[in-house]
Structures are given as structure tokens and as C-alpha cells.
Number of protein chains: 4
Amino acid sequence: MVHGRGMSEGTSAKTVRLARGDAPGRPPMTPELDRLYDRLEDELLVPLWTEIGELMPESPRPDAVPHRWAWRALLEMARQAGDLVPVGRGGERRALALANPGLGGRPFVTPTLWAAVQYLNPREDAPVHRHTQNAFRFVIEGEGVWTVVNGDPVAMRRGDFLPQAGWNWHGHRNTSDAPMAWLDGLDIPFSYAIDSAFFEFGAEDVGTEETPERSRSERLWAHPGLRPLTRLGPSPATPLLAYRWEYTDRALADQLALEAEGCAVTPEPGHAAVRYTNPSTGGDVLSTVRAEFHRLAPDTATASRREVGSSVYQVFDGRALVTVGAASWRVERGDLFAVPSWQPLRIETEHGIDLFRFADTPIYERLDKDRVAVAEQEGTR
Amino acid sequence: MVHGRGMSEGTSAKTVRLARGDAPGRPPMTPELDRLYDRLEDELLVPLWTEIGELMPESPRPDAVPHRWAWRALLEMARQAGDLVPVGRGGERRALALANPGLGGRPFVTPTLWAAVQYLNPREDAPVHRHTQNAFRFVIEGEGVWTVVNGDPVAMRRGDFLPQAGWNWHGHRNTSDAPMAWLDGLDIPFSYAIDSAFFEFGAEDVGTEETPERSRSERLWAHPGLRPLTRLGPSPATPLLAYRWEYTDRALADQLALEAEGCAVTPEPGHAAVRYTNPSTGGDVLSTVRAEFHRLAPDTATASRREVGSSVYQVFDGRALVTVGAASWRVERGDLFAVPSWQPLRIETEHGIDLFRFADTPIYERLDKDRVAVAEQEGTR
Amino acid sequence: MVHGRGMSEGTSAKTVRLARGDAPGRPPMTPELDRLYDRLEDELLVPLWTEIGELMPESPRPDAVPHRWAWRALLEMARQAGDLVPVGRGGERRALALANPGLGGRPFVTPTLWAAVQYLNPREDAPVHRHTQNAFRFVIEGEGVWTVVNGDPVAMRRGDFLPQAGWNWHGHRNTSDAPMAWLDGLDIPFSYAIDSAFFEFGAEDVGTEETPERSRSERLWAHPGLRPLTRLGPSPATPLLAYRWEYTDRALADQLALEAEGCAVTPEPGHAAVRYTNPSTGGDVLSTVRAEFHRLAPDTATASRREVGSSVYQVFDGRALVTVGAASWRVERGDLFAVPSWQPLRIETEHGIDLFRFADTPIYERLDKDRVAVAEQEGTR
Amino acid sequence: MVHGRGMSEGTSAKTVRLARGDAPGRPPMTPELDRLYDRLEDELLVPLWTEIGELMPESPRPDAVPHRWAWRALLEMARQAGDLVPVGRGGERRALALANPGLGGRPFVTPTLWAAVQYLNPREDAPVHRHTQNAFRFVIEGEGVWTVVNGDPVAMRRGDFLPQAGWNWHGHRNTSDAPMAWLDGLDIPFSYAIDSAFFEFGAEDVGTEETPERSRSERLWAHPGLRPLTRLGPSPATPLLAYRWEYTDRALADQLALEAEGCAVTPEPGHAAVRYTNPSTGGDVLSTVRAEFHRLAPDTATASRREVGSSVYQVFDGRALVTVGAASWRVERGDLFAVPSWQPLRIETEHGIDLFRFADTPIYERLDKDRVAVAEQEGTR
């Protein structure tokens with residue numbers, strides 16, 4: 001059931017209902033206490049001693065659960081939606097969001113993150129809008145779509161990561177004769193939880209017929225270590241709108257080659273990893289979303305690792321055995337999986353894997369709530 | 001009903017249930033679409049087009065509602081709890097939390113903030129623990145309690161603000177023959193929403209018999225503009241554990257006097273205000289909680305003001321007419337009220353008022369999600 | 001001889017004259033090399049190999065030397081200047097600057113710092129001007145002068161530290177019937193070395209007859225941990241214009257008392273120290289000048305300590321034996337001494353001493369050129 | 001004459017010699033004043049009123065003057081030095097430093113900056129050392145030399161910019177059969193003025209026979225917007241040791257093309273410019289040195305611009321008419337010119353020019369002493 005807001009309004013029943021059973025830390029029920037509880041309910045008060053176990057656990061106990069979605073099924077349903085559901089003003093996007101089974105049916109892949117497959121038919125447009133939620137796209141396959149951000153058309157191609165910070169106008173255009181699907185990531189659930197969302201409709205039309213190889217943003221910003229003299233201040237979100245696969249692939253290959261030459265540049269043996277960063281600060285691309293790419297060599301196992309905060313992975317290529325808490329899956333190209341807060345994650349490969357990752361870690365780091373624990377390294381399998 | 005986590009687990013019903021009715025932006029239902037929706041539910045997928053209106057509103061639509069709690073009633077129930085409920089390990093604190101009527105009965109004064117009245121009987125102790133949630137105490141009346149933070153006993157007296165950042169050991173001791181009540185503020189709901197909570201039990205005993213006038217923290221840090229040479233790095237949370245009323249009162253009086261002399265030092269005519277800050281950085285005292293004190297002169301009205309994020313006020317002295325969105329109350333000493341995100345707030349005085357305020361604004365500012373709108377100033381009544 | 005700028009201009013002699021003698025690292029002189037050197041001189045070129053020893057030493061080899069100035073003599077000459085030299089437009093201030101004997105007679109106490117005794121006769125004014133050089137005043141004795149900064153009159157009294165960042169209008173007024181002398185510290189030599197100085201004349205008159213106990217700046221900012229809601233941004237220099245002796249004295253006394261209670265709050269046994277800081281950032285009061293106050297208990301010895309960068313101390317009270325490099329002096333109330341870069345400093349007391357210190361360390365820290373070395377602690381004498 | 005340090009020591013003459021002539025702001029000389037001046041000289045004191053005009057001018061009056069060095073002559077003398085002067089321990093480098101004619105013959109191109117032509121013969125090495133001075137190399141022509149930084153061999157080729165922060169071990173090796181010359185830039189004069197220099201000898205041998213196309217540093221860091229997961233903290237100086245010409249050239253070409261398409265991306269019409277930045281922060285590559293590359297289209301004129309701080313330009317290609325204050329030169333490939341603080345600079349092209357620039361501006365910006373003034377734009381010629 002998709003939980004709606006404000007459902008308690010209009011009911012004659014009490015809003016507050018106290019737990020009156022016995023439990024550790026709670027006083028035994030007496031008639032006097034029962035009457036006090038009645039009155040607390042009337043006055044909209046809740047004792048700490050009935051709630052502390054849930055609200056203040058010894059370590060995070062997320063409702064969200066580890067879960068994997070198979071790309072094959074996602075894509076098939078996206079295609080069906082392509083046949084049945086038009087894209088236009090109001091619905092805005094043909095996007096199917098992953099609903100973590102622990103989160104009550106809401107379209108939240110974790111308590112803070114949104115992950116959806118978006119699908120555009122040939123020659124189809126998604127209309128222009130803007131919102132304060134931070135967003136990105138990651139392309140698992142295909143090409144032919146341009147996302148137009150503040151009038152700058154940005155090509156989307158396999159392996160590309162395309163961040164787009166809140167409150168920028170954007171629409172999408174499929175200029176090709178083939179449909180295209182990709183991953184959308186946003187901080188919608190977080191923004192919803194903290195009541196920070198603003199939204200505005202823009203033009204129906206994406207407003208440009210240009211389909212350049214490189215966006216204006218890339219022509220200004222995608223030169224390593226160079227910045228334009230007219231753009232010298234720190235920008236809160238990245239001004240670079242496309243991180244092309246050729247660079248990501250090369251950076252990962254370089255790391256593994258350097259490791260082979262004896263340089264300590266990888267986080268773990270056989271595990272190369274880069275973070276997508278804002279070239280104006282060196283920090284995360286978006287204020288609430290971290291994005292990374294990981295490559296595991298064949299016959300590699302990561303250490304078991306817990307982080308406060310949640311993340312989502314999509315397999316870009318290859319296969320692996322993934323273990324998150326008590327769950328374990330074999331994953332392959334396009335598959336997505338969710339890692340809730342403080343759940344241990346371990347990945348083991350036989351033939352190697354390439355993984356895109358996004359996470360809500362900037363929220364925790366900027367608020368001094370981040371914490372990481374890595375189990376003793378067990379090394380290569 | 002206090003909503004428990006993980007309630008969807010173990011039910012045979014579907015977790016995802018899509019809204020199939022007609023609504024703006026949604027495609028008309030057809031048998032094919034109905035079958036696709038069935039399949040999406042099975043595969044834990046939710047279309048954006050059925051959810052966008054709620055998740056991505058034009059401006060924040062909080063579930064939390066404006067609400068006021070009367071101090072008189074709060075204190076009376078705290079006293080009853082003092083008679084009926086012991087303080088000790090497990091329950092940890094005799095605290096009654098304000099439950100916003102829009103938030104389903106959970107002990108959340110807003111979606112991010114916790115506000116509770118804590119009550120200690122004469123000669124009573126609250127045991128030592130620590131947690132990652134940030135906390136503070138504000139004292140509306142009384143004295144005789146020392147909060148002991150990492151072994152440093154800090155006196156609590158009327159008008160004092162006592163911040164205490166996450167993961168510091170703390171217990172409380174009432175050394176007097178009178179009971180004492182105060183306001184506890186924490187980021188428990190936020191910490192819960194993002195699954196970041198850690199908790200540890202400490203000693204049963206607060207561990208010191210000292211009852212100094214000034215804590216060690218104050219002796220090191222409460223000298224304006226001076227810092228010890230052994231404490232030069234920036235500290236993420238304030239190292240100063242008590243902000244005494246005498247300084248707050250004087251700062252406010254000085255501002256109004258300066259205004260009367262023609263200096264532009266107040267945010268609005270007749271409205272003096274200070275923020276409690278971390279002397280090691282000049283920033284907020286806690287990474288997720290802002291605290292301020294406001295003084296309105298007699299016959300003053302504030303401009304109507306909206307902020308993204310929520311806040312809670314407690315009347316320290318005086319009276320006022322407060323309007324939050326569609327709600328309006330006359331408030332007096334000790335009363336508390338909640339201001340949800342983006343709800344316009346306006347305060348009007350006849351005889352003047354002193355107000356303590358706390359808010360979750362650092363969350364939004366650090367994540368580039370803050371926004372403020374002030375209506376055209378209507379001036380003094 | 002006070003070295004003037006541009007002295008090489010207009011001379012017929014060559015500007016560049018190469019060292020042609022033998023020295024380690026230099027090639028032996030030959031007729032060909034001699035001709036090359038002639039040509040290099042003509043073309044305004046200098047080989048590294050003739051200069052490297054001086055320019056790139058193994059550790060700093062300052063021209064400035066350790067030196068002490070006796071307060072008694074300084075004050076006597078300031079009084080004579082009071083009789084002989086008027087204060088007014090053009091000369092601007094009756095100030096006698098300490099000239100480090102290693103710096104060629106220029107009025108530079110170190111290569112970066114200016115230290116001068118300023119002297120005002122009864123009822124005398126120093127006219128208003130502003131300059132980009134950062135400045136402060138420290139009062140060794142007396143009262144009755146107000147420094148007026150941007151129209152805000154700030155009382156000057158024994159023990160007060162009064163920073164005043166570059167480009168603020170300021171004049172001084174002696175409202176009493178006694179003369180007054182104080183220490184002026186500025187970054188004039190540094191500003192001169194890097195050609196960054198701007199200067200503007202203001203009014204002849206300081207422009208206010210007010211002589212308040214507390215300046216407006218203090219009424220806004222001298223409340224520990226509190227800042228006005230109208231002054232929330234970081235200010236590059238401190239907005240607090242007076243750091244009163246009562247607070248400094250109490251902070252130091254508190255540190256020694258805490259140390260006696262077993263708390264690790266002092267940099268060394270028997271050595272209390274505070275840094276004057278900008279309440280809007282927690283950092284140094286001025287971008288180029290650090291200021292501190294140190295109190296050594298009786299029978300205390302500091303560890304021998306070297307820092308990159310130079311500093312100047314003034315004895316506020318008490319006596320000590322001071323050793324800087326090869327120099328050693330007994331110092332007493334009012335005496336000043338200069339510590340050049342990387343010279344080891346050690347202070348030993350019999351009856352205790354109070355010391356004001358200022359230094360150029362922010363320059364090094366902000367440019368990643370700071371370095372400190374502390375000799376093995378030899379403890380209390 | 002190259003001015004040596006400590007020259008005043010050992011002379012019997014007075015160190016301080018006061019200016020006793022009449023001048024604006026100075027009191028008229030009297031016998032009493034003359035005696036006071038004698039005594040001030042003895043006591044190492046200098047009045048402000050005799051010095052203020054020079055030390056506190058209305059705007060910067062640098063000793064350094066605008067000057068141009070012709071590349072043809074520089075290279076010829078470097079070649080002669082190649083024949084006559086060996087490279088080895090002690091002299092360390094075969095480098096000819098530009099001596100600004102206003103700076104008394106010292107090898108300082110400006111009061112803060114060092115610029116030198118370094119020259120290596122075929123198969124020659126420059127031995128390993130490290131120093132706290134920040135350095136870079138810029139290659140005007142040739143290839144075949146590798147600079148080895150902490151064991152990482154970095155190829156040097158025409159158009160490359162190679163920063164190298166203080167205290168890193170480095171040596172150079174010419175692996176080719178041709179000599180090679182390049183520009184060295186350092187903050188030697190600044191480091192000398194503030195007494196912050198440390199130096200250590202390393203191995204005679206550069207320690208590696210590797211001559212890779214790309215250094216390890218580039219393989220880790222030269223991927224736009226990507227950073228290794230093992231290098232996430234901010235690094236005070238850039239971890240990227242080579243900024244290749246192909247990227248610089250493309251960034252400049254892109255800017256001019258974007259300008260032609262109507263995008264506001266250039267600082268002035270026909271003037272493209274990039275700053276070399278630290279990918280870990282987005283800030284300057286070195287804490288004291290800024291480096292940029294400018295391209296002016298044909299028939300372009302820059303606005304006349306003044307900056308506090310000094311800079312040096314080298315023509316990479318093309319020609320222009322350059323005006324700095326009262327000086328004016330036609331410059332061509334390889335020529336260098338110095339722009340002292342606050343001197344207006346204007347560049348006019350007929351056929352276009354490519355210019356490398358370095359400057360000391362980070363010193364001023366980090367110390368809040370930066371200031372810029374741009375004359376009304378006169379547009380394209």
C-alpha cells in the first residue's frame with residue numbers, strides 16, 4: 001500500500017496510542033499509569049520509555065531491506081509501459097521506480113534514494129520541468145537521447161554518468177529510431193522526508209534541435225585540471241553535465257595497471273574505484289548524492305564493509321556474487337541492488353565485474369553522522 | 001497509533017499497491033494497463049506518474065501541522081510521571097515527547113525534531129549513556145540539576161542553553177530538594193529517518209559529586225573571542241557546554257539599546273535576536289540543530305516569514321499572538337509551538353516576549369536545500 | 001641607513017653584478033665564463049649556482065636578529081617626541097617604530113612586522129585615515145584614549161587588545177589630562193615587501209565626542225558563543241574591536257586552576273595561553289597577524305621551540321629570563337623582544353610572567369609554509 | 001650588486017640613520033629634535049613620520065619595473081652555459097634567473113617570483129633535491145626530458161605545464177640526443193623575504209630509467225571529474241604533475257568556439273583563458289603561485305587591467321603589442337615579461353597570441369589583500 005500523507009487527519013480515533021504492554025525499561029502498568037497514559041494521548045505526548053528501543057537502537061535497524069531487481073524484467077516492463085503510457089505534462093516522465101519491500105510500498109529504493117528506469121520511445125520527448133531534488137542519469141545501454149539542461153543538449157550513451165543538480169530546467173529528447181532506457185537516480189525520498197521539495201513546469205518542448213557530440217558544459221569543463229577564467233567560484237553542484245565512459249574506463253584500467261606495477265592506488269587488491277567529482281571543488285557531484293564506479297578484477301573478493309547510509313548498485317558489465325546482510329544474489333548486466341544502512345556488503349567475482357554505485361553518503365558526511373566499519377580483509381579468493 | 005517499522009513484513013498482501021484511479025497526469029485505465037500494474041506490483045515497481053503529485057509538489061506540503069502545547073499541562077503530566085514512573089536503565093529518561101498531530105502519533109514534534117519535557121525528582125539521577133543523536137537542554141525554570149558530560153558537571157539554571165553533541169557520555173543529577181523540569185531537544189526523528197542511530201549504555205551512576213558554578217567547559221571556552229592554545233582545531237560541535245542566561249539577556253538588551261541609538265543591528269524593528277554558536281567555528285552549535293533566542297519589544301509584529309525546514313519555539317517570558325499558517329494562538333510562559341516547513345510564521349506582541357527557538361536549518365544549509373521567503377514588512381503594529 | 005626603494009635607478013653602474021669567486025657548487029672561473037658572466041649581467045640574468053646557498057639554505061637564515069628593547073627607554077623617548085613633534089595630517093601618528101638591527105635600519109621589528117610605541121598628549125587627537133595594512137593596539141598601561149573605528153569609539157585600557165583590520169577608517173582621541181602610550185602592531189613590512197599597500201586620508205577630526213565604557217562592537221559581539229542574527233556570514237577579520245583584560249586574565253587564571261585540578265588544558269606545565277580569535281570564524285583576528293597572551297607560573301620553563309615566521313613579545317607583568325638563539329635577556333614590564341624565524345625560544349621564570357605575543361604565523365599557515373619544532377621538554381625548573 | 005644579507009653586521013656605523021630633511025608631514029628640524037633623532041638611532045627606533053610616505057603610499061609603488069627578456073638571447077646564453085658550466089651537486093641546476101632591473105640585481109623577476117631558463121645537455125641529469133619553495137616548469141619547446149618527482153618520471157614536452165609543490169624530491173633527466181631548455185617558476189624571492197626556506201639534498205642519480213608517455217600521477221589524476229577512491233582528502237597542492245598541451249589547447253579552442261556560438265564563456269571578446277587547478281580542491285595548483293594560459297584571437301585588445309601582486313608572461317606562440325605601465329614592447333615566441341604590482345597591463349594582437357602566465361595572486365587572495373581594477377573595456381581594435 002502506498003502510504004499517503006495526512007492519513008490521520010479526519011479520523012475520530014486518537015492520533016497518539018501508547019504501547020501499554022510490559023517491556024524492558026518500561027514501568028509495570030497500574031491503574032494510575034493507565035490514566036496518565038490516557039491523558040498523555042489526549043495531550044499529544046509520548047513517553048521516551050515506551051519508544052526508546054525503536055528510536056534509539058544500539059546500531060541502525062533500517063526498515064529497508066537488501067533487495068535485487070533483475071534488469072531483464074525491469075526492461076520488459078518499461079517496454080510495456082512504452083506501449084501503454086504516453087509521456088507528457090502532468091505525469092512528466094515514463095519512469096518505473098524501485099520500491100524497497102521494507103518501505104511499505106512507497107517508490108523508495110532506500111529511505112533517502114529514488115532509483116527508476118526511464119524509457120523513451122523513438123522520436124519522443126519528455127517535457128521540461130525543474131525541481132529542487134538532485135538527480136542524475138546513468139546509461140546502461142543505448143544512445144540517441146539528449147538530455148537538455150538549461151538549453152544545453154547533452155548526449156547520453158552507454159557508460160555515461162550525467163548529474164543534474166536541483167532547480168535546473170531539463171527535458172529529454174530521443175532523436176533516434178530506437179527506444180532508450182536508462183537509470184534515473186534522485187534524492188526524492190529524502191527531500192520528501194524533510195519537506196524541502198519545490199517544482200515548476202517548463203516548456204512542453206525541449207527547445208533545441210541540436211544534437212552535438214559534446215555539450216557546452218563538457219566543452220567548458222571536461223579538460224582535466226583546467227577551469228575557465230570566467231567560472232572561478234566554487235559551484236555547490238558540479239558544472240560538468242556528462243562524465244563520459246571513455247574516461248571512466250581508462251581511469252579504472254590505469255588503476256589496475258598501476259597496482260600491477262606495485263603502486264598502492266587501489267582501495268583493495270584487484271579493486272579499482274573512482275568517484276565522480278565536482279571539478280570546481282573536488283567534492284561530490286551533488287550535495288546529497290555520491291556516485292562512483294567500481295571495477296573488480298576476476299577472482300576478487302571485497303572486504304565486508306558497513307557504512308551508515310544507503311546505496312544502490314547497478315551492474316554495468318560482468319557478473320558477481322553479492323552478499324548484503326543475510327541476502328545473497330548472483331548479479332549480471334543491468335541488475336540493481338539496494339544496500340540499506342549499516343548492512344555489511346561483500347562482492348566476489350569469478351570473471352570480474354564493473355559496477356556503478358550511488359549513495360546518500362554526502363548527507364551523513366556533511367552532518368557529521370558518517371561511520372564506516374570494514375571487516376578484516378580476507379584477501380583475494 | 002505509533003507506527004512500527006517493518007510492519008509490511010510477514011503479511012501475505014502485496015507490498016506495492018498502485019493507485020489505479022484517474023488523476024491529472026495519469027493515463028486512463030485499460031485492461032492492458034491493469035495487467036501491467038499487477039505485474040509492477042509483483043516486481044516491486046511504482047510508476048512516477050501515479051506518485052508525482054505527492055512526492056514532487058510545487059512547494060513543501062508537510063504532514064506535520066502547526067500545533068501548540070501548553071506548558072501548564074505539560075508540567076502537570078510530567079509531575080504525575082514523576083510520581084508513577086521511575087528513572088533508570090532501559091527507559092533511561094523520564095521524558096514526555098511532543099507528538100505532532102500530523103505525524104501519525106509518533107513522538108516527533110516535526111519530521112526531524114524531538115522536543116520533550118524531562119523531569120527529575122529531588123535527589124534523583126538519570127543514568128549515563130551516549131548516542132549519535134545531537135541534543136540540547138533549555139531551562140525554562142528551576143535549578144539544582146547538573147548534567148554531567150564526559151565527567152564535566154554542568155549546572156542547569158533558568159535561561160541556560162546546554163548543547164551536547166552526539167556520542168558524548170552524559171547523565172543528569174538533581175542535587176536539590178525540589179523537582180526540576182526542562183526542555184530536551186534532539187534530532188531523533190531525523191536520525192531515525194536516515195538510519196544513522198547508535199547508542200551505548202554507560203555507568204548507572206553519573207560519577208561525580210561535584211556541583212561547581214561553572215563547568216570546566218565554560219572555564220575553558222566562555223571567554224569572548226579567546227580560545228585555549230591547546231584547542232585550536234575546528235570542532236564539529238560546540239565545545240562550550242553552557243550558554244548562560246546572563247550573557248543572552250545582555251546581548252538582547254544591548255541590541256535593542258543599539259537599535260534605539262540608530263544602529264542597524266536588529267533583524268526587524270523591535271526584534272532582537274542572537275544565535276548560539278560554536279566558538280571554534282562561528283557556525284551552529286550542532287551539525288543538525290540551530291538554536292536562537294529572540295526578544296520582541298512591546299507592540300511589535302514580525303514580518304510573515306517562511307523557511308524550508310521546521311522549528312519549535314518555547315516562550316521564555318511574556319506573551320504574544322502567534323500565527324502559523326492557518327493556526328493562531330495566544331502563547332505564554334513555557335508554551336511550545338511547532339512551525340512546519342514553509343508555513344508562514346508571524347508573531348505580534350502587546351507587552352513583549354522572550355522566545356527560545358530551535359530548528360533543523362543546518363541540515364538544509366549544509367545540503368544546499370535552504371530557502372527563505374519574507375513577506376513585505378508590515379512594520380510595528 | 002634607511003634603505004630607499006628604487007636606488008639602483010639612475011646609476012650608470014650595472015644592476016646585476018655576479019659573484020665570480022670560487023665557492024662550493026660554482027664552476028671554476030675561466031676567460032670564457034668571465035665573458036659569459038659579463039653578458040649575463042648585461043642581459044639582467046643571474047645564475048642559480050652563484051646564489052643557491054643564500055636563497056635556498058638548509059633552514060631559514062634570517063637577517064633579522066634577536067633583540068630586546070627596554071620599555072623605560074622607549075617611553076622616555078616617546079615623551080620627548082610628545083614635547084617636540086606635533087601629531088597631524090601627513091605624519092599621521094606620533095609613533096616610534098622598533099628597527100631590528102639586522103634589517104638595515106628600516107623600521108621593521110621583523111621582516112614582516114611593525115611594532116611601535118604610539119604616544120598621545122592630553123586632549124590630543126590623531127587624525128582619521130585608513131590603509132590596507134592590518135593593525136592592532138595593545139595597552140601596557142594607562143587609559144583615557146578612545147580609538148574611533150568607523151565611527152565606533154573604543155576605550156583603550158591596560159591589558160586590552162584592540163585589533164583593527166585593514167581598510168577601516170580610524171582615528172584616536174585622548175580625552176584625559178594625562179598622556180598615554182601603547183603598542184601598535186601592523187603588517188607594514190610584509191605589505192611593503194609584496195607591494196600591496198593602499199592608503200586614504202579621512203577627516204582631521206575623529207568625529208565623535210562619545211566616550212562609552214563599551215563600544216558598539218563589544219555590545220554586538222562580546223557575548224561568549226552568541227552572534228547577532230544580522231551578522232551571520234564569516235567576516236575575514238574580527239568584528240570584535242576590543243578584547244578586554246578582565247576576560248583574558250580570567251581565562252588564564254581558569255587554565256592554571258584547571259591544570260591544578262588535573263585537566264590537560266595547558267600547552268605545558270605551568271604555562272597558560274590563549275589566542276585572540278575572530279568570533280565569526282574561530283580563526284585568527286587578522287589575516288596576517290596572530291595575537292596571543294601567555295602566562296607562566298613561578299618557577300616555570302618553557303620547552304625550547306622554533307617556528308617558521310617571526311614574533312614579538314611584550315612583557316605585561318612580571319619578569320623572566322628569555323633566550324632566543326644565542327641571545328639572552330632578563331625582561332620586565334613593558335620590555336619588547338623580537339624572535340626571528342626558526343630561532344629557538346625559551347623562557348624561564350622565577351616569580352612568573354604575563355606576556356603578550358604577536359606573530360606573522362597566519363601568513364605561513366594560509367600558504368602551507370608553517371613548520372614548528374619543539375625540543376624535548378625539560379619540564380619545570 | 002647582488003645584495004647580501006646581514007651586511008650591516010660588523011660595521012661600526014649606525015644601523016639606523018634617520019632622514020632629517022624637511023618633507024610633508026615632518027616637523028621642522030630643531031636642535032632638540034636633532035638630539036632626539038640621535039638618541040632614536042642609538043636605541044634602534046624610527047619615527048613613523050619620516051617613513052610613512054614610502055611605507056604607506058596611496059597605492060602600491062613597486063621597486064620592480066616592467067621589463068621584457070627576449071627568448072632568443074636567453075636561449076643563446078643558456079647554450080653557452082651548457083658548454084661552460086657543469087650540472088651537479090652544489091650548484092644543483094643550470095638555470096639562469098631573470099633579474100628585474102628595479103630589484104637591485106637580485107635574481108628576482110618580481111619581489112615574490114623567480115623565473116629562470118633551465119638547460120640540460122643531451123644525456124645529462126640534474127641531481128635530486130627537495131625544498132619548501134613551490135615550483136613549476138613550463139615547456140616552450142623541445143622534449144626528451146623527464147622530471148622525476150618522488151620517483152614518478154614525468155615527460156616534459158612543448159606546451160606542458162608541470163607543477164611541483166614544495167618538499168617533494170625531484171631531479172631531471174635528459175634521455176635524448178638534443179639539449180632542452182624550459183622555464184622554471186618558483187616562489188624563491190617570497191620564501192626568502194619571509195624566511196621560510198628549507199632544503200635537502202637527495203640522491204645524485206634520478207633513480208629510474210623509465211620514460212613513460214604518461215606519469216603515474218596522470219594515470220591517477222588526469223581524468224576529468226574523476227578521482228581515485230584512495231585519494232579523497234583535499235591535497236594542499238595539486239597531485240597532478242603534468243597538464244598536457246593537448247588539453248589546454250582544446251579547452252582554449254572550445255572557449256573561442258563557444259563564444260562564436262553566442263555563449264558568454266570568455267573573460268573578454270576574443271580572449272579565451274584557463275586556469276590550471278588542483279583537481280582535489282578546484283583551487284590554485286600551488287599555495288603561492290597561480291598559473292594560467294591565455295589565447296587572444298587576431299585583432300583583439302584586452303582591457304587595461306591592474307592587479308595587486310605581480311605576474312610573468314611567456315609568449316607560447318604568436319605576437320602581440322604589450323603595454324605595462326609606461327613600457328611597451330612587441331613580443332614574440334618565447335619572450336618573457338614582468339608585470340609589477342598594480343601596473344596596468346594591456347595586450348593587443350594583429351594575428352593572435354598564445355600566452356602562458358604565472359602570478360603570485362594566491363598569496364594576496366589567501367591573506368585578503370587582493371584587489372583588481374579594470375579600465376572601461378575598449379573592445380576589439
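Proteins come first, then strands; the chains are lettered A, B, ... in the order of their sequence lines, and each starts at number 1.
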- Note on the structure: What one should report as the nearest heavy-atom pair of A/Thr230 and D/Pro267 is CG2-N, 3.3 Å
- Is it the side chain or the backbone of D/Thr266 that comes within 4.5 Å of chain A heavy atoms, both, or neither? backbone
- Message: Can a donor-acceptor pair be found, under 3.5 Å and without considering hydrogens, that links the side chain of D/Ser280 to the backbone of A/Gly282?
- Response: no
- Message: Counting heavy-atom pairs closer than 4.5 Å to chain D, which one of A/Val274, A/Leu240, A/Leu252 comes out on top?
- Response: A/Val274
- Go through the atoms of D/Glu261 and report whether side chain, backbone, both or neither lie under 4.5 Å from a heavy atom of chain A. side chain
- Query: Of the listed residues (A/Arg231, A/Arg244, A/His294, A/Arg227), which shares the most heavy-atom pairs with chain D below a 4.5 Å separation?
  - Reply: A/Arg227
- Pair count under 4.5 Å, heavy atoms only, with chain D: among A/Arg250, A/Gln255, A/Glu292, highest is A/Arg250
- Relative to chain A, which segment of D/Tyr247 carries a heavy atom at a distance below 4.5 Å: side chain, backbone, both, or neither? both
- Begin from the C-alpha positions of D/Val265 and A/Arg216 and carry the test side chain to side chain contact (heavy atoms under 4.5 Å, CB included) through to its verdict. CA-CA 10 Å; D/Val265 299; A/Arg216 289 196 279 276; over 6 Å; no
- Is it the side chain or the backbone of D/Ala264 that comes within 4.5 Å of chain A heavy atoms, both, or neither? backbone
- Message: What part of D/Thr277 gets within 4.5 angstrom of chain A, counting heavy atoms only: side chain, backbone, both, or neither?
- Response: both
- Message: If you count heavy-atom pairs within less than 4.5 Å of chain A, which of D/Pro279, D/Gly225, D/Pro234, D/Ala273 leads?
- Response: D/Gly225
